[in-house]
Each structure stands twice: as C-alpha cells, then as structure tokens.
Amino acid sequence: MRLDAPRLTAAALLVLASGLIACSSPAQQTGDLFPNDIEAEQGVITVNVVEFASIPDVDGEPARMMTMVHEEDTGRLFISDQRGPIYIVSEDGESVTEYIDVDAGEWGVDVDAGWREKGVQNFAFHPQFGEEGTPGYGKFYVWTDTPNKRPEPDFVPGAGEDSHDMVLVEFTAENPEADSYDGGQPRVLARFEQPYGNHNGGELTFNPLAEPGDADYGMLYVGVGDGGAGGDPHDLAQDLSSGFGKILRIDPLGSNGPNGEYGIPDDNPFAGDDDPETLGEIWAWGLRNPQHLAWDPATGQAYVADIGQNTVEEVSPISAGADLGWNDWEGSFEFVDGGVIVDSRRSDPDATYPIAEYDHSDPVLVSRQAVTGLEVYRDGSVSALRGRILFGDLAAGEIFHVSADDVPEGGQDPIRRVLLDDGSGEPKTLLQLVQEKNEAQGRDPAGRVDLRMAMGPEGRVFLLNKHDGT
C-alpha cells in the first residue's frame with residue numbers, strides 16, 4: 001500500500017511488509033513508569049494510504065519484507081524478503097521483479113530464515129553504486145543469518161550455545177542498472193558467532209547526509225544485537241572488547257581490520273585505543289537490538305530505535321562513543337533482575353537516554369511490543385508530518401510521531417499517533433488494514449503486523465509488514 005497524504009496534501013506513505021520481536025517475560029518493575037497513557041485521539045495525524053505494490057508469496061506464505069531502499073543512482077526501489085529474495089519495484093509500483101535471491105545455492109551464503117528473527121536482516125547500497133569508475137561501483141551489502149558455522153568467526157561472544165552465524169557480505173554487480181544481479185561470488189567482510197537464536201543483526205546503512213569528501217562518506221554502519229536470550233546474560237553490550245550490543249562503523253572498501261576484509265576508520269571513537277582489547281570498529285555501545293538508524297537532515301543528529309526487554313521501548317539520540325546504557329538501563333530506568341526500578345531514573349551522567357519511550361502495558365498496544373521504523377521527516381509532500389520524528393510499534397502496527405524541533409527528553413507524554421485513511425474516511429491502524437487485506441485474500445487475520453518503514457522518492461513514506469505481501 002502507499003499512504004498518499006494527510007487530508008492536506010498528496011502522495012505520502014506506502015504499505016509493504018517485515019519485522020522482529022522483543023522478549024516478553026513478565027516485568028519486575030517498581031512504581032508507575034508513565035502515569036499518563038499515550039493519547040489515543042488528541043494530536044493524531046491522519047494520512048491517506050494506498051496500496052502500492054504486491055511482493056510475491058513464498059511457498060504460499062506472504063512475503064516477510066524486511067527492508068526497502070530507494071537507490072537514487074538507478075532510480076529504483078529494492079525490497080527484501082527475509083527468506084532471501086531482493087526485488088526491484090518500479091517507482092509507480094506496477095512492476096515487481098526479482099533482482100537476486102541471496103539464498104540461491106550459487107552464492108554459497110545459505111540464509112537461515114527458520115523463524116521470525118532470522119533471515120536476511122538488511123541490505124545497503126554503497127553510495128557509489130551507480131557511479132562508474134569509483135571504488136564502490138556496483139557494490140551492495142547484505143547482513144544475514146546463516147546455519148553455516150564451519151568458517152572461523154571474526155567475532156565470538158565467548159559464551160552461549162553457538163546457535164548460528166551472522167555474515168556481512170559484499171556483492172558487486174557488473175552493470176548496476178541491470179534488471180537482475182549480473183556479478184560474481186559475494187565477498188565475506190565479517191562473520192559473527194551467535195550465542196542464541198534471537199537479537200542477531202539489525203541496521204545496515206550508510207549515512208545518507210554524507211557527501212564525497214566527508215569523513216563519513218562510504219562508511220558502513222552495522223547494527224549488532226546483544227546476542228540474545230534475555231537480559232544480555234553475558235553482559236556483552238557493555239563490553240568494549242565484544243562486537244555484540246553495538247553499532248559498528250567500518251570502511252567496507254578498506255583492509256586494516258583484523259581479518260583484512262574491511263577497514264577501521266581512523267576517526268572511530270575507539271580506533272587506536274590504549275586498551276588493546278577495545279574494538280576499534282565500535283561507534284556506539286550499550287544496545288540491545290538496534291533495528292533502525294535515522295539522521296535528521298536539518299541538524300545531522302542521528303537517532304536509533306532499540307527494541308526493549310520486558311518493559312520499555314525507546315528511541316534515542318546516538319553519536320560516536322555514546323553508551324545507550326543496556327543492560328544497566330532499559331530506557332530511562334535502571335535494569336535489575338529482569339525488571340526496571342523507577343527511583344533511579346536517568347541517574348548515570350555518562351549514559352545516553354531516550355528522547356521518547358513507551359511502556360509495554362500502554363492501552364493503544366496489542367500483542368508483543370517492539371519499537372520499529374525510524375524516519376526524521378523534513379522535506380516530504382505530507383505537510384502535517386514535516387518536522388516530526390516517525391517511529392512505530394512493530395507488533396501493534398501503531399505509528400507514532402514526536403517533534404524533531406522541540407526534541408523531547410524521554411517518557412511517553414510527547415508521543416502522538418499517526419492513523420491511516422484508505423479512502424473509507426475512517427482512520428485505521430496498519431493492523432486493521434492488514435487484517436482487512438487478509439480477509440480479502442482468504443487468509444486468517446494476522447494478530448500482529450511486523451511493521452517496517454522506509455523513505456522513498458518525493459518524500460513518500462512506505463510501510464512494510466510480514467502478513468499480506470502489500
């Protein structure tokens with residue numbers, strides 16, 4: 001689907017498909033985290049939504065859409081299915097063709113998409129992808145789970161079950177404008193031994209604001225979860241000698257990393273650190289399950305959506321060397337024995353705390369809770385969304401907004417909802433739209449959405465989910 005405009009303008013958002021989940025043991029909290037519920041009606045922005053494209057089923061099941069990328073050099077939209085296919089979608093949504101199946105045997109990647117949190121997690125195009133004669137010409141990167149544990153990993157947790165591996169691979173197309181991938185075998189940049197089956201890979205992106213000549217141009221940001229189980233049992237997110245629970249920043253075309261397959265930028269916060277155990281790849285740390293990074297085009301500030309444990313979901317500012325607090329903190333609250341304590345709210349001056357956070361028990365939510373999607377909306381065609389930070393709840397399919405100009409300082413009081421008008425005149429959540437589509441498809445109605453967001457051409461916002469292929 002595509003959301004077109006709030007009732008004020010034209011062409012705004014689109015609906016497609018994807019997700020990841022948060023752990024859900026009962027919270028052990030003390031006190032009332034957020035006395036006021038998220039406002040259900042006041043401050044709601046309603047935008048028009050239209051169906052944009054349909055991604056093919058796989059073995060009779062809806063596409064498990066994870067990521068959409070607008071590749072500007074070639075003017076095409078690329079959308080991934082967690083099982084391995086990456087599709088090209090024309091800018092009018094009329095044409096959908098498979099570009100590459102990462103799981104095809106000829107590539108030797110062997111995608112593990114056995115359950116909701118495994119599979120092709122993300123992909124990203126080098127900013128020089130369409131620029132002939134440049135080092136990044138034709139190159140794109142895929143971040144995926146694999147059952148292949150035979151090769152020696154570059155990053156090991158030092159504990160856990162050796163569940164599977166995550167691999168970061170580089171493909172190089174001969175002709176970036178071709179309708180299907182025409183290059184050779186992928187190159188493995190890095191391999192992570194995963195201790196558990198969840199909290200694997202997250203964001204994979206280049207800074208869209210960086211321009212040639214900038215220090216950040218061509219640097220690849222890699223979100224790595226804390227390794228899974230629950231509560232980060234091995235304290236990996238706070239361990240600077242571990243690659244888990246981090247945002248890593250690497251030069252994918254460099255070679256000064258430990259395995260020679262990627263580079264460590266000199267301006268990384270821990271590059272050349274006096275402690276030889278500290279990883280120079282680390283850009284930020286103290287994360288649980290970092291799913292999305294977004295930069296504000298007006299200020300350059302980056303934000304991260306990090307899935308919470310039992311109680312709090314958060315959107316936080318993030319910068320080089322920032323400690324987001326996990327597993328000492330869940331959102332603004334001290335994390336102790338699987339729960340949070342209200343009394344010590346934001347008491348560590350060295351931690352970076354959320355700009356917006358919400359409680360799993362809030363009445364607007366359904367199913368399991370996990371923060372998702374993140375866009376700072378500045379210049380798009382939907383005037384009502386300009387100057388707002390957009391994010392959502394993965395399972396509930398709720399879309400939220402807060403101010404990007406008067407940035408909040410945590411809590412859920414500033415959070416307001418975005419609802420969708422599909423032409424019926426009745427504002428709906430994405431979950432309601434997916435369930436209606438399921439009925440039309442003859443499928444059982446989904447109990448959750450698995451929401452993802454992406455920015456496309458002309459400032460349109462695209463919505464993806466895992467349950468109707470739309």
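- The backbone N or O of Ala173 lies less than 3.5 Å from no partner atom in the side chain of Asp182, so there is not a single donor-acceptor pair.
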Leu464/Met68 under side-chain contact (heavy atoms from CB on, under 4.5 Å): CA gap, chis, key distance, verdict: CA-CA 8 Å; Leu464 297 78; Met68 191 199 89; 4.2 Å; yes

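- Between Phe125 and Tyr141, the distance separating the two ring centers is not shorter than 6.0 angstrom.
- In this structure, the side chain of Asp393 does not engage the main chain of Glu398 through any donor-acceptor pair within 3.5 Å.
- For the residue pair Asp359/Gln369, the side-chain donor-acceptor check at 3.5 Å is not satisfied.
- Note on Glu193 versus Lys149: no salt bridge recorded, every NZ/NE/NH1/NH2 to OD/OE distance being 4.0 Å or above.
- Of the inter-residue distances, the one linking Met166 atom CE with Phe244 atom CZ reads 9.5 Å to the nearest 0.5 angstrom.
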side-chain contact (heavy atoms from CB on, under 4.5 Å) between Ile389 and His401, intermediate numbers included: CA-CA 5 Å; Ile389 299 172; His401 66 96; over 6 Å; no

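- Judged by distance alone, the side chain of Arg187 and the main-chain N or O of Glu261 form a donor-acceptor pair under 3.5 Å.
- A donor-acceptor contact under 3.5 angstrom links the side chains of Glu281 and Tyr262, judged on distance only.
- One finds a salt bridge joining Asp112 and Lys118 here, because a Lys/Arg side-chain nitrogen approaches an Asp/Glu carboxylate oxygen to under 4.0 Å.
- The side-chain heavy atoms of Lys139 and Leu253, taken from C-beta on, include a pair separated by under 4.5 Å.
- Counting heavy atoms of neighbouring residues, nucleotides and ligands inside a 6.0 Å radius, atom CD of Glu409 does not exceed 12 of them.
- The side-chain heavy atoms of Ile282 and Leu240, taken from C-beta on, include a pair separated by under 4.5 Å.
- Minimum heavy-atom separation, Tyr99 to Asp179: CD1-O, 3.7 Å.
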Please output the side-chain donor-acceptor pairs of residues 269-277 that fall under 3.5 Å, not counting sequence neighbours, one pair per line with the distance.
from   : atom 1 : to     : atom 2 : distance (Å)
Asp273 : OD2    : Asp275 : N      : 2.9
Asp275 : OD1    : Glu277 : N      : 2.9

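- Contact check for Asp81 versus Arg64: side-chain heavy atoms found under the 4.5 Å cut-off.
- Arg76 and Glu91 are not joined by a salt bridge, as no carboxylate oxygen comes within less than 4.0 angstrom of a charged side-chain nitrogen.
- Taken from CD1 in Ile355 to CD1 in Ile318, the straight-line distance is 12.0 Å, to the nearest 0.5 Å.
- Closest of all the heavy-atom pairs between Gly280 and Ile264 is O-CG2, 3.3 Å.
- Of the inter-residue distances, the one linking Trp285 atom CH2 with Ser242 atom OG reads 12.0 Å to the nearest 0.5 angstrom.
- Side-chain contact, Asp110 with Asn148: no donor N or O sits under 3.5 Å from an acceptor N or O.
- Panel note: side chain Glu174, backbone Gly183; no donor-acceptor pair is recorded below 3.5 Å.
- A side-chain N or O of Tyr196 and one of His234 form a donor-acceptor pair less than 3.5 Å apart.
- Here the shortest heavy-atom pairing between Thr372 and Leu451 reads OG1-O, 2.7 Å.
- No hydrogens or angles considered: a donor-acceptor pair under 3.5 Å links the side chains of Asn327 and Asp235.
- Residues Phe140 and His126 keep their aromatic ring centres 6.0 Å or farther apart.
- Rounding to the nearest 0.5 angstrom, the gap separating the CD atom in Glu314 from the OH atom in Tyr303 is 14.0 Å.
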Full working for side-chain contact (heavy atoms from CB on, under 4.5 Å) between Leu385 and Val47: CA-CA 9 Å; Leu385 297 181; Val47 295; 4.3 Å; yes

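- Inter-residue side-chain proximity for Phe192 and Asp165 is flagged as unmet; no heavy-atom pair is nearer than 4.5 Å.
- For Asn122 and Glu203, the side-chain atoms include at least one donor-acceptor pair closer than 3.5 Å.
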Stepwise side-chain contact (heavy atoms from CB on, under 4.5 Å) check, Leu168 with Leu220: CA-CA 11 Å; Leu168 175 61; Leu220 183 61; 4.2 Å; yes

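- At least one donor-acceptor pair closer than 3.5 Å links the side chain of Glu313 to the backbone N or O of Gly308.
- In this structure the side chain of Ser180 never reaches within 4.5 angstrom of the side chain of Glu98, judged on heavy atoms.
- Under 3.5 Å, the side chains of His199 and Glu117 contain no donor-acceptor pair of N or O atoms.
- Looking at Ile247 and Leu293, their side chains come closer than 4.5 Å, going by heavy atoms from C-beta outward.
- Checked against the 6.0 Å centroid threshold, Phe400 and Tyr358 count as a close aromatic pair.
- For Tyr221, the ring-ring contact (aromatic ring centres under 6.0 Å, His included) partners are Trp283, Trp295, not counting sequence neighbours.
- For Asp73 against Pro127, the heavy-atom pair with the smallest separation is OD2-O, 3.6 Å.
- Under the 3.5 Å distance criterion, with hydrogens and angles disregarded, a donor-acceptor pair is assigned to the side chains of Arg452 and Gln291.
- Remark: Asp296 pairs with Thr299, Arg378 by the side chain to side chain donor-acceptor pair (under 3.5 Å) rule, at least two apart or across chains.
- In this structure, a donor-acceptor pair under 3.5 Å is absent between the side chains of Asp405 and Ser403.
- Within the 3.5 Å criterion, the main-chain N or O of Ala124 finds no donor-acceptor partner in the side chain of Trp143.
- Ion pairing of Arg249 with Asp216 is present here, as a side-chain N (NZ or NE/NH1/NH2) and a carboxylate O approach within less than 4.0 Å.
- Rounding to the nearest 0.5 angstrom, the gap separating the CD atom in Glu334 from the CG atom in Asp348 is 9.5 Å.
- Taken to the nearest 0.5 Å, the CD1 atom of Ile88 stands 7.5 Å off from the OG1 atom of Thr74.
- Put simply, the side chain of Thr352 reaches to within 4.5 Å of the side chain of Pro317, judged on heavy atoms.
- A perpendicular orientation is assigned to the rings of Phe123 and Phe78, their planes being inclined by more than 60° (bins at 30° and 60°).
- Applying the 6.0 Å contact sphere to CG of Asp266 captures no more than 12 heavy atoms from other residues, nucleotides or ligands.
- Note on Asp306 versus Arg288: no salt bridge recorded, every NZ/NE/NH1/NH2 to OD/OE distance being 4.0 Å or above.
- Ion pairing between Glu357 and Arg346 holds under the 4.0 Å rule for side-chain N and carboxylate O.
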